[in-house]
Amino acid sequence: MTDASTPLIVGGSAPADARPDADLLEGLNGPQREAVTYRGQALLIVAGAGSGKTSVLTRRIASLLRTREAYPSQILAITFTNKAAGEMRERVHSLIGQRADGMWISTFHSACVRILRREAQQFGFTKAFTIYDSGDSRALIKRLVKEHEGDAFGLTPAGTQSRISKLKNELADAESYARSANMSDPAERVFVEIFGSYQRELQRANAFDFDDLIAQTVYLFRAFPQVADVYRKRFRHILVDEYQDTNHAQYALIHELTRPPGSDAEPMSAGGGMMIFDAEPEAESGASLTVVGDSDQSIYAFRGADIRNISEFERDYPGAKVVLLEQNYRSTQNILSAANAVISNNFDRKDKKLWTDVGAGDPIIGFTGYSQHDEAQFVADEIESLHRKGVDYSQMAVFYRTNSQSRALEEIFIRSAVPYKIMGGTKFYERAEIKDALAYLVAVANPADSMALRRILNRPRRGIGDVTETAIARYAAEHDITFRDALANSAQLGVGPKLQKAIDQLDAVLSEATAVMLPASGELAPSTSVTEGLTLLLNKSGYFDALRASKDPQDEARLENLDELVAVTREFARNNPEGTIIDFLTEVTLVADADDLDDASGSVSLMTLHTAKGLEYDAVFLTGVEEDLLPHRISANEPGGPQEERRLFYVGITRARKRLHVSLAMTRAQFGEVTVAMPSRFLQEIPADLIDWRQSPGDVNGRGGMQSRALNARGRRPGQTGGGNRYGDDLVPLPKRAPADPSKFPNRIPAKVRDNGDMELAAGDRIRHDDFGEGRVDAITGEGAKRVAHVRFDTVGAKKLLVKIAPISKL
DNA sequence: CATGTACGACTTTTT
DNA sequence: GTCGTACATG
């Protein structure tokens with residue numbers, strides 16, 4: 001399978017003795033060099049964390065262009081996030097300049113949208129289709145579950161949504177699923193019905209959900225080989241990053257794209273999945289495929305990622321070349337040793353050891369707080385300390401397992417004046433008022449989308465409720481017109497004159513905005529049309545007025561958010577002079593707001609471990625390293641769950657360049673109740689001599705108590721890193737306790753949690769507390785591990801104590 | 001049809 | 001502590 005351009009690579013026809021891409025190889029190690037220069041049909045780059053894979057990938061692309069083996073338009077590079085795509089584009093651009101234009105560097109989803117917009121009319125959609133995010137699709141599924149009375153069969157909207165999503169990721173549809181399902185189970189039948197109607201509703205609304213973007217593109221390629229061939233001929237070099245996190249649909253998409261053009265036109269080979277390299281002699285060969293991944297960083301199995309895509313790559317693409325990148329250029333040896341030790345607890349993985357030559361570096365810092373606020377205060381103090389030593393805020397990050405953990409950190413950071421920024425989390429575009437405004441835009445851009453229309457029907461309040469909505473829907477169904485068109489016939493809906501007027505007014509506003517944003521005669525709408533249309537919609541619909549008239553103080557913030565959205569449209573117009581309303585909507589649906597506007601701003605980044613993948617920071621704080629949180633409780637029952645959690649922990653560790661902190665809290669308020677937390681099993685997997693516990697779980701148990709660092713820590717000085725005694729020199733000396741044997745508690749954690757267990761306590765009892773002295777129990781509330789004693793202490797007043805772990809004794 | 005109150009369920013991670 | 005739903009009332 002000799003590539004026509006191979007001679008260039010070995011130097012044969014390159015000008016003189018210098019390779020045209022020689023400068024691109026500077027500073028690369030052997031395997032990296034090979035990953036850049038290898039030419040062939042299929043290449044797998046197994047890239048450990050921090051092994052310079054982004055650099056390799058960008059140089060590979062640059063090399064292909066520089067040697068003129070490929071035009072920019074022949075390159076398709078897939079990344080995991082839009083942010084990564086932007087960075088890659090920038091880096092390629094800085095390597096080779098203008099010639100980077102014309103490449104497709106994007107996420108799977110963005111690439112598929114681009115294809116679908118062009119080809120939608122081939123299979124019953126228009127190019128104005130809308131994209132349903134998970135919130136939109138949940139709303140639709142919720143309605144359908146209700147209509148089909150799915151709750152009677154134990155079907156919840158959330159459960160139904162995730163099952164449908166999983167099936168779509170497997171390229172199944174309602175029909176094919178029904179064939180394999182146990183249809184004598186009524187719950188299954190209802191599920192299949194809901195799945196089917198969901199898909200019909202999407203089609204009717206001229207809409208795709210996130211999963212459809214991939215799955216329907218695959219369907220398109222399979223159903224219309226001549227369409228697929230267009231893209232097969234175009235993309236000669238396909239590169240996929242984070243390949244370990246691809247799901248089956250994405251895998252199939254890549255397979256479709258790398259087949260030789262014209263291959264399914266042959267009747268004999270049509271439908272044969274295994275004939276990827278079975279090109280006719282005269283036929284053009286399939287695109288060359290480069291995938292990069294690390295199975296140790298696979299953390300998206302929950303959304304269908306299939307690790308086999310990478311582990312069986314060599315089987316899927318016979319003759320594939322495999323390059324291993326194991327040298328790490330990011331972290332110190334201590335951090336890598338911890339990472340290696342942790343990940344080696346996962347069985348059935350190929351052994352792979354990261355190494356570096358930069359030296360051991362600082363030890364990992366451990367801290368155990370009494371509460372999550374206490375833990376957060378440690379993080380804040382430590383950040384301030386590092387900042388004083390010259391570490392920029394933007395070079396520090398705090399990770400956590402679940403989004404809800406960000407709240408406690410936020411509270412303390414505000415109080416401690418630590419500048420921070422939360423990546424992801426509750427998103428701007430998920431706010432109700434923003435979704436409303438976008439629904440107005442969708443109602444204009446895609447009149448078939450009745451979901452959007454239903455959403456804005458009564459926003460602001462127009463007196464249009466369920467009854468009227470149903471009347472409109474029925475009228476539309478009876479006359480076989482769209483929901484949107486039904487609005488124009490308000491007189492025939494059988495509703496009162498007041499409602500008629502309200503409907504007429506909404507209809508008029510939408511029509512007026514349509515004229516602005518989608519001029520009829522095919523003339524191009526000016527780039528300002530989105531801004532203009534949006535302000536028109538919000539003003540004339542009465543949305544702005546309703547918010548301004550409101551007494552709810554939150555509505556002021558909503559107005560500000562909407563102003564922000566208008567500003568976003570202006571920005572969009574500036575960046576996309578040709579951009580239409582449809583482009584705008586695509587962008588806001590697919591681009592997470594965590595993607596833009598980052599670092600430079602000089603603040604600490606807070607994010608989930610999932611979001612952290614692919615990023616790196618000088619100092620990293622891994623918080624909430626507790627059982628039931630990391631690993632998360634829910635993962636325990638899922639096949640492969642605990643191992644995936646371990647990989648998540650591994651990903652977190654390997655983000656750190658110089659300083660890693662792991663922290664946990666002994667108690668955590670969740671859901672209003674305080675619960676006792678146990679140190680994570682993963683902590684024990686880190687060799688004890690790598691962690692310098694400022695305050696180990698053992699310390700906390702020994703001293704016990706509800707004393708909160710968050711409340712009294714301001715006067716404290718965070719100790720200097722590395723030096724000093726093992727337990728940190730800023731802590732109150734442990735009273736009375738024999739100096740603990742250092743080998744005893746670091747990492748020997750769960751066994752030593754203080755446990756008063758079944759201590760009998762009742763109102764009226766007198767107790768002694770290690771820190772608070774004597775007091776009298778007023779009441780006992782809660783049960784089991786969450787039993788709380790309300791105690792009035794003689795000297796410090798009333799306190800609430802968790803009976804199970806408080807350092808108390810009965811008198 | 002809109003508003004207010006009470007109750008319950010729930011929180012894993014994301015394009 | 002938060003969200004959304006169910007019900008009762010105006």
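To find a chain, count down the sequence lines: A is the first, B the second, and so on, and within it residues start at 1.
Ring to ring, A:F221 and A:Y219 are not that close: their centroids are 6.0 angstrom or more apart.
Closest-nucleotide positions on DNA chain B for A:T608 and A:I464 were compared, and the one nearer the 5' end corresponds to A:I464. Nearer to the 5' terminus of DNA chain B, by closest-nucleotide assignment, is the contact made by A:R461 (compared with the other of A:R461 and A:E645).
Here A:A187 pairs with A:F153, A:D185 under the side chain to side chain contact (heavy atoms under 4.5 Å, CB included) rule; sequence neighbours left out. In this view, A:R633 and A:D628 satisfy the salt bridge (Lys or Arg N to Asp or Glu O under 4.0 Å) rule, not counting sequence neighbours. Applying the salt bridge (Lys or Arg N to Asp or Glu O under 4.0 Å) criterion to A:E201, with sequence neighbours excluded, gives A:R143, A:R204. Every residue two or more places apart in sequence or in another chain that forms a side chain to side chain contact (heavy atoms under 4.5 Å, CB included) with A:A486 is listed here: A:I472, A:Y475, A:A476, A:I481. The side-chain hydrogen bond (donor to acceptor under 3.5 Å, both in side chains) search around A:S663 returns A:E375, not counting sequence neighbours. The side chain to side chain contact (heavy atoms under 4.5 Å, CB included) check on A:D136 picks up A:Y132, A:D133, A:K435, with sequence neighbours excluded. Considering only residues two or more places apart in sequence or on other chains, A:D545 meets the salt bridge (Lys or Arg N to Asp or Glu O under 4.0 Å) condition with A:R548. By the side chain to side chain contact (heavy atoms under 4.5 Å, CB included) test, A:D241 pairs with A:K53, A:L57, A:V292, sequence neighbours left out. In terms of the salt bridge (Lys or Arg N to Asp or Glu O under 4.0 Å) criterion, residue partners of A:R455 (sequence neighbours excluded) are, by chain and number, A:D436.
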For this session: Could you give me the CA-CA distance, side-chain angles and deciding distance for A:Q372 and A:R407, then say whether side-chain contact (heavy atoms from CB on, under 4.5 Å) is met?
Result: CA-CA 10 Å; A:Q372 73 265 45; A:R407 183 167 310 213; over 6 Å; no
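For the pair A:M607 CE and B:dT15 P, the interatomic distance rounds to 12 Å; values are reported in whole Å. We find that CZ of A:R401 is positioned 14 Å from P of B:dT11, with the value rounded to whole Å. A:L609 has its CG atom 15 Å from the P atom of B:dT12, to the nearest Å. The CZ atom of A:F80 sits 10 Å away from the P atom of B:dT14 (whole-angstrom rounding). Between the CG atom of A:N247 and the P atom of B:dT14 there is a distance of 16 Å, given to the nearest Å. Here B:dT15 presents its P atom at 11 Å from CD1 of A:I299, a figure rounded to the nearest Å. Regarding A:Q161, its CD atom lies at a distance of 15 Å from the C1' atom of B:dT11, rounded to whole Å. To the nearest angstrom, C1' of B:dT13 lies 8 Å from CD of A:E644.
Counting any heavy atom pair closer than 4.0 Å across all strands shown, A:S635 reaches no nucleic acid atom. Counting non-hydrogen atoms under 4.0 angstrom, A:D211 reaches nothing in the nucleic acid. Here A:K498 lies out of heavy-atom contact (under 4.0 Å) with every strand. A:R407 comes within 4.0 angstrom of the backbone, heavy atoms only, and of no base.
Along DNA chain C, the stretch of nucleotides lying under 4.0 Å from any heavy atom of chain A spans, 5' to 3', C:dG1 to C:dT5.
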For this session: Could you summarise the pairing of DNA chain C as dot-bracket text, marking Watson-Crick and G-U pairs under 3.5 Å with ( ) or [ ] inside the strand and | across strands?
Result: .|||||||||
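Phosphate contact (OP1/OP2 of B:dT11, side-chain N/O of A:N403, threshold under 4.0 Å): absent. Not one side-chain nitrogen or oxygen of A:S404 sits closer than 4.0 Å to the OP1 or OP2 atom of B:dT12.
Of the candidate nucleotides B:dT11, B:dT15, B:dT13, B:dT15 has the atom lying nearest to any side-chain atom of A:F210. Comparing atom distances between the A:R303 side chain and each of B:dT14, B:dT3, B:dT12 picks out B:dT14 as nearest. The A:T402 side chain lies nearest to B:dT12 when the options are B:dT12, B:dT15, B:dA2. Checking B:dT14, B:dT15, B:dT11 against the side-chain heavy atoms of A:H632 singles out B:dT11 as nearest. The side chain of A:N458 lies closest to B:dA2, out of B:dT14, B:dT15, B:dA2. Candidate nucleotides B:dT12, B:dT14, B:dT15 were compared by shortest atom distance to the side chain of A:Y300, and B:dT14 ranks first.
Of the residues in residues 104-116 of chain A, those lying under 4.0 Å from DNA chain B by heavy-atom distance are A:T107, A:H109.
Taking the C1' atoms as reference points, C:dA6 lies 22 Å from B:dT11, given to the whole Å.
Using modelled atom types and a 3.5 Å distance limit, the side chains of A:E469 and A:N458 yield no donor-acceptor pair.
Summarising the local packing, CD of A:E90 is surrounded by 12 or fewer heavy atoms from other residues, nucleotides or ligands at distances under 6.0 Å.
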